[in-house]
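Below is one structure, written out as structure tokens, with a few remarks after it.
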Amino acid sequence: MFESVIEPSPLVSVIMNCYNGEKYLREAIDSVLAQTYTNWEIIFWDNQSTDSSAEIVNSFNDERIKYYYSENHTILYEARGYAYAKTKGELIAFLDDDDTWSPEKLEKQVGLFENKEIGFVCSNYYNWDSEKNNRVLAFSDTLPGGYVLDELLNQYFIGMLTLVLRRESFESLELQFDPRFHIIGDFDLVIRMASKWKLGVVQSPLACYRIHPENESRKQIHCIVRETLEWYREYEKD
């Protein structure tokens, strides 16, 4: 099994993909700026937004925030791959433009990578309907850690907004992000990570997943069904 050593304060690359995300974008970036762990960079990938997203990002006077404008509008996990190519961190985290992190999120998670067998880390989180001002814990039971492939296939419990990857573990996969997927790319990635690496877990909620009418997962139900069926057909072949 591959072993890598994480430095005491590794750089965390935060991938933030955006397409017309102006409504909640400032809150998302502010939640990264508020982190008690400060060695991070935001790789902001603008998927050809036509709103004020670019102006909002560029209004932050912080050299850790790096803005990139896509040459073409692409589906999400193709875009995540382009953003990943710009990262420099030993650890890779994800925050979409409508979600937020708790201030201690990175600080609590980075330390778990001192265990060389851990390739990825997650935490519990809140489902947050900000319009109704209603916040509910995503999972009431203790989340499993270690080799969790069977548990994930039985009940998927990892929110992308809580996920942190060890770069070298991530790159040990034959494929990082599958560019065919728009919605279920996180599920596909995590299952492949879980087949090789241990999961580290922070049981406390460290992020808020914002529920609103423009969530891609709400708008693209047909896409979820199509991609999930495609994934399961290939899984059964393997």
Side-chain angles (χ1 to χ4, degrees), residues 11-29 31-32 40-60 64-89 91-101 120 122 156 158-167 169-171 173-193 207 209-228 230-231 234:
L11 176 65
V12 180
S13 294
V14 183
I15 292 178
M16 184 176 287
N17 290 87
C18 177
Y19 176 63
N20 290 341
E22 63 182 3
K23 186 171 183 180
Y24 305 113
L25 178 55
R26 189 171 295 277
E27 288 180 65
I29 295 175
S31 77
V32 182
W40 52 261
E41 63 174 2
I42 290 177
I43 303 300
F44 188 91
W45 191 263
D46 187 342
N47 203 4
Q48 296 199 341
S49 297
T50 57
D51 64 2
S52 64
S53 295
E55 289 81 1
I56 292 170
V57 175
N58 291 319
S59 72
F60 288 89
R64 296 172 296 179
I65 302 174
K66 300 164 186 178
Y67 174 87
Y68 298 93
Y69 186 80
S70 180
E71 292 183 2
N72 301 291
H73 181 78
T74 67
I75 64 174
L76 179 55
Y77 280 86
E78 184 178 355
R80 290 213 199 277
Y82 293 138
Y84 176 69
K86 303 295 184 181
T87 63
K88 297 180 180 178
L91 302 176
I92 310 297
F94 305 90
L95 182 65
D96 286 338
D97 55 37
D98 50 357
D99 299 328
T100 60
W101 284 349
F120 60 131
C122 74
Y156 189 74
I158 296 181
M160 187 73 167
L161 71 169
T162 78
L163 185 64
V164 184
L165 308 174
R166 188 192 299 266
R167 175 187 287 276
S169 302
F170 184 43
E171 293 192 346
L173 302 176
E174 292 183 9
L175 175 69
Q176 279 73 56
F177 300 111
D178 192 324
R180 297 174 301 165
F181 295 135
H182 184 59
I183 302 294
I184 73 158
D186 57 331
F187 171 80
D188 170 69
L189 165 63
V190 166
I191 294 300
R192 290 185 289 114
M193 287 289 294
Y209 174 78
R210 190 190 301 266
I211 299 170
H212 59 88
E214 296 303 308
N215 287 129
E216 278 296 287
S217 57
R218 282 184 161 189
K219 293 166 58 180
Q220 302 283 355
I221 296 296
H222 65 287
C223 183
I224 295 175
V225 173
R226 176 179 55 79
E227 290 183 358
T228 302
E230 181 180 355
W231 189 92
E234 293 189 8

| query | At what distance, to the nearest 0.5 angstrom, does CG of Leu11 lie from CD of Glu41? | reply | 4.5 Å
| request: Decide yes or no on side-chain contact (heavy atoms from CB on, under 4.5 Å) for Val57 and Asp46, but give the supporting numbers first. | output: CA-CA 10 Å; Val57 175; Asp46 187 342; over 6 Å; no
| field | Distance-only side-chain donor-acceptor flag, Arg167 / Thr87, under 3.5 Å | value | yes
| request: Can you measure from CD1 (Ile42) to CD1 (Ile15) and round to the nearest 0.5 angstrom? | output: 12.0 Å
| note | In short, Ile43 meets Ala83 closest at the heavy-atom pair CG2-O, 3.5 Å
| In terms of the angle between their ring planes, are Tyr19 and His73 parallel, tilted or perpendicular, with boundaries placed at 30° and 60°? | tilted
| query | Cut-off 3.5 Å, side chains only: do Ser52 and Glu22 have a donor facing an acceptor? | reply | yes
| message | Tell me which one of Leu189, Leu173, Leu91 satisfies side-chain contact (heavy atoms from CB on, under 4.5 Å) with Leu165. | response | Leu189
| field | Ring centroid separation Phe177 to Tyr82 under 6.0 Å | value | no
| task | Measure the shortest side-chain to side-chain distance between Asp186 and Tyr156 over non-hydrogen atoms and say whether it is less than 4.5 angstrom. | result | yes
| After noting the C-alpha distance and the side-chain angles of Ser169 and Phe120, does the key distance pass the side-chain contact (heavy atoms from CB on, under 4.5 Å) rule? | CA-CA 8 Å; Ser169 302; Phe120 60 131; over 6 Å; no
| Judged by atom type as modelled, is there a donor-acceptor pair below 3.5 Å linking the side chain of Asp98 to the main-chain atoms of Gly21? | no
| said: Regarding Arg210 and Asp97, does a basic nitrogen lie under 4.0 Å from an acidic carboxylate oxygen? | reply: no
| said: Tell me the closest heavy-atom pair linking Thr100 and Ser31, and the distance in Å. | reply: CA-OG, 3.6 Å
| Rounded distance [0.5 Å steps], CZ in Phe170 versus CE in Met193 | 7.5 Å
| query | Taking everything shown except Lys23 itself, do over 12 heavy atoms lie less than 6.0 Å from its NZ? | reply | no
| Over 12 non-hydrogen atoms of neighbours within 6.0 angstrom of CD in Glu71 | no
| request: Starting at OG1 of Thr162, measure out to CG of Leu95 and round the result to the nearest 0.5 Å. | output: 11.0 Å
| Side chain of Asn20, backbone of Thr50: donor and acceptor closer than 3.5 Å? | yes
| query | What residues, two or more places apart in sequence or in another chain, satisfy side-chain hydrogen bond (donor to acceptor under 3.5 Å, both in side chains) together with Asn58? | reply | none
| said: So, taking the atom named OH in Tyr69 and the one named CH2 in Trp45, what distance separates them when rounded to the nearest 0.5 Å? | reply: 11.0 Å
| task | Take Tyr77 and Asp188 through the test side-chain contact (heavy atoms from CB on, under 4.5 Å) and record every step on the way to the result. | result | CA-CA 11 Å; Tyr77 280 86; Asp188 170 69; over 6 Å; no
| task | Kindly determine whether Met16 and Leu25 satisfy side-chain contact (heavy atoms from CB on, under 4.5 Å), including the steps that lead there. | result | CA-CA 10 Å; Met16 184 176 287; Leu25 178 55; 3.8 Å; yes
| said: With rounding to the nearest 0.5 angstrom, report the CD to CG distance, Glu78 to Asn72. | reply: 8.0 Å
| field | Exercise: identify the closest heavy-atom pair between Asp51 and Ser53 | value | OD1-OG, 2.7 Å
| request: Kindly say whether Gly89 contributes a backbone atom to a donor-acceptor pair with the side chain of Trp40 at under 3.5 angstrom? | output: no
